[in-house]
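Atom set for the values below is all heavy atoms of this structure, side chains included, hydrogens, waters and symmetry mates excluded. Just follow the structure's listing: the first ligand is 1, and inside any ligand the first atom is 1.
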Amino acid sequence: MRVLYLNGPNLNLLGQREPGIYGQTTLEAIEARVRRRANELGIEVEFSQSNFEGQLVEWIQQARGRFEVIVLNAGGYTHTSVAIRDAIAATGVPTIEIHLSNVFAREDFRHQSMIGGVCRGQVSGFGVGSYLLALEASVIVTNELKTTRST
Ligand code: DQA
């Protein structure tokens with residue numbers, strides 16, 4: 001199974017960015033932990049970050065036929081991006097929305113997700129654990145697809 005992790009704006013600053021909210025772990029260290037767990041589960045992972053909305057749209061479009069699942073921390077674009085929502089809907093690759101912080105315990109504008117309605121599910125509030133739980137969720141999603149196809 002192949003899983004594409006996409007990280008949106010400002011997530012390149014993890015480790016130094018508002019550590020009280022996002023923790024002290026860098027994105028590189030998160031990637032290393034995801035890869036270690038993915039190896040144990042026999043999952044192949046690609047991991048990318050961009051501050052640009054259009055780049056995220058490109059990567060989502062290109063995932064079709066190459067990845068079984070997308071795990072997406074869209075950062076601030078979560079709450080605003082019609083373009084990212086449309087890309088997820090267009091490609092049809094099951095997408096899991098993740099957040100390090102519990103967005104529902106924060107400012108009102110973070111309670112709205114523009115992409116949530118086209119995602120398969122959400123993991124929010126577990127720090128690095130959100131990234132790791134998304135691997136388990138990816139297994140669930142692909143098992144569901146196999147069951148649907150064989151019935
Ligand atoms: C975030 C939550 C978003 O509201 C915020 O804009 C981010 C990070 C998170 O991982 O908790 O950049 O997606």
> Would one find more than 12 heavy atoms of other residues, nucleotides or ligands at under 6.0 Å from atom CD of Q55?
Replying inline: yes

> Can you tell me if CZ on R106 sees more than 12 non-hydrogen neighbours from other groups inside 6.0 Å?
Replying inline: yes

> Under the side chain to side chain donor-acceptor pair (under 3.5 Å) test, which residues partner Y131, sequence neighbours left out?
Replying inline: N7, N73

Just the distances, no angles: every ligand 1 N or O to protein N or O pair closer than 3.5 Å, one line each.
{"residue": "ligand 1", "atom": "4 (O)", "partner": "H79", "partner atom": "NE2", "Å": "2.7"}
{"residue": "ligand 1", "atom": "4 (O)", "partner": "R110", "partner atom": "NH1", "Å": "2.8"}
{"residue": "ligand 1", "atom": "6 (O)", "partner": "G76", "partner atom": "N", "Å": "3.1"}
{"residue": "ligand 1", "atom": "6 (O)", "partner": "R110", "partner atom": "NH1", "Å": "3.1"}
{"residue": "ligand 1", "atom": "10 (O)", "partner": "N73", "partner atom": "ND2", "Å": "2.9"}
{"residue": "ligand 1", "atom": "10 (O)", "partner": "L100", "partner atom": "N", "Å": "2.8"}
{"residue": "ligand 1", "atom": "11 (O)", "partner": "L100", "partner atom": "N", "Å": "3.3"}
{"residue": "ligand 1", "atom": "11 (O)", "partner": "S101", "partner atom": "N", "Å": "2.9"}
{"residue": "ligand 1", "atom": "11 (O)", "partner": "S101", "partner atom": "OG", "Å": "2.6"}
{"residue": "ligand 1", "atom": "12 (O)", "partner": "R17", "partner atom": "NH1", "Å": "3.2"}
{"residue": "ligand 1", "atom": "12 (O)", "partner": "R17", "partner atom": "NH2", "Å": "3.0"}
{"residue": "ligand 1", "atom": "13 (O)", "partner": "N73", "partner atom": "OD1", "Å": "2.8"}
{"residue": "ligand 1", "atom": "13 (O)", "partner": "H99", "partner atom": "ND1", "Å": "2.8"}

>> Can you confirm whether more than 12 heavy atoms, excluding those of Q112, are under 6.0 Å from its CD atom?
In response: no

> In chain order, what residues pass the side chain to side chain contact (heavy atoms under 4.5 Å, CB included) check against R66, with sequence neighbours excluded?
Replying inline: R2, E46, Q62

>> Applying side chain to side chain donor-acceptor pair (under 3.5 Å), can you list everything that pairs with R85, at least two apart in sequence or on another chain?
In response: none

